[in-house]
Amino acid sequence: MTDTLLALYPWIKSLHIISFVAWMAGLFYLPRLFVYHAEQARIGTDKAQMLETMERKLLKLIMNPAMILTWIFGLILVSTPGLVDWSAIWPWTKAVSVIALTWFHMWCGKQRKALASGESSLPGRTFRMMNEVPTLLLIVIVVSVVARPF
């Protein structure tokens with residue numbers, strides 16, 4: 001099994017990065033849609049319906065599969081013997097950041113439902129500020145994995 005994982009390592013890592021990039025693209029875009037929805041669309045209007053469709057499809061068809069694949073390929077990578085030094089701090093900072101991204105993803109799903117039902121009381125400014133969360137976590141993840149300063 002170890003030999004197979006090591007032989008497939010470049011492919012698994014490539015698929016992990018591809019799925020992560022797709023997930024991040026959604027995490028950057030969905031809160032921006034929420035800003036437009038909160039500030040410019042009234043429930044039941046054509047604009048609101050269009051935004052709801054865009055938000056739902058982005059979350060269900062792109063973000064959810066990308067997040068699941070990111071987790072699957074990431075777990076395969078960390079289970080490959082010899083790739084991760086668990087005594088170092090960097091894998092833990094990455095893990096905490098990925099868990100935080102997953103929480104943010106779930107928060108976005110909750111906000112999508114609240115906006116669609118007209119139950120959201122959050123202003124566009126809140127969505128603008130929350131839109132910075134994935135950027136900050138991306139920085140922590142990339143620095144943790146590439147520079148490994150810890």
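Numbering of residues begins at 1 and proceeds along the displayed sequence. Model, not experiment: these values are computed from the prediction.
- In this structure, the side chains of F127 and L33 stay at 4.5 Å or more apart for every pair of heavy atoms.
- When side chains are defined from C-beta on, F34 does not count as touching M130, because their heavy atoms never get closer than 4.5 Å.
- With rounding to the nearest 0.5 angstrom, the CG atom of L83 is 12.0 Å from the CD1 atom of I76.
- Evaluation of the side chain to side chain donor-acceptor pair (under 3.5 Å) rule for T93 yields S144 as partners, not counting sequence neighbours.
- In Y36, the OH atom is not crowded: 12 or fewer heavy atoms of neighbouring residues, nucleotides or ligands sit closer than 6.0 Å.
- Here K47 pairs with Q40, A41, T45, L51 under the side-chain contact (heavy atoms from CB on, under 4.5 Å) rule; sequence neighbours left out.
- Using a 4.5 Å cut-off between side-chain heavy atoms of Ile, Leu, Val, Met, Phe, Trp and Tyr, with links allowed through other members, M24 and I72 fall into the same hydrophobic cluster.
- Interatomic distance, E52 CD to L115 CG, rounded to the nearest 0.5 Å: 8.0 Å.
- Below 30°, between 30° and 60°, or above 60°: for F20 and W23 the angle between ring planes is above 60°, a perpendicular geometry.
- Considering only heavy atoms from C-beta on, L59 comes within 4.5 Å of N64 through its side chain.
- Residues in residues 15-41 take part in these salt bridge (charged side-chain N to carboxylate O under 4.0 Å, His left out) pairs, two or more places apart or across chains: E39-R128.
- Scored by the side chain to side chain donor-acceptor pair (under 3.5 Å) test, Y29 finds no partners at all (sequence neighbours excluded).
- Looking only at side-chain heavy atoms (C-beta outward), M54 and H37 stay at 4.5 Å or farther from each other.
- Under the 4.5 Å side-chain criterion, counting only non-hydrogen atoms from C-beta, V133 is not in contact with W107.
- With sequence neighbours excluded, no residue satisfies side-chain contact (heavy atoms from CB on, under 4.5 Å) with I18.
- Under the 4.5 Å side-chain criterion, counting only non-hydrogen atoms from C-beta, L27 is in contact with L101.
- For R125, the side-chain contact (heavy atoms from CB on, under 4.5 Å) criterion is met by M129, not counting sequence neighbours.
- L137 contributes atom CG, which lies 11.5 Å from atom CD1 of I99 (distance to the nearest 0.5 angstrom).
- In this structure the side chain of H105 never reaches within 4.5 angstrom of the side chain of L30, judged on heavy atoms.
- Side-chain contact between I17 and S14: absent, with no pair of heavy atoms (C-beta onward) separated by less than 4.5 Å.
- Side-chain atoms of W92 come within 3.5 Å of backbone atoms of W86 as a donor-acceptor pair (strictly under, hydrogens ignored).
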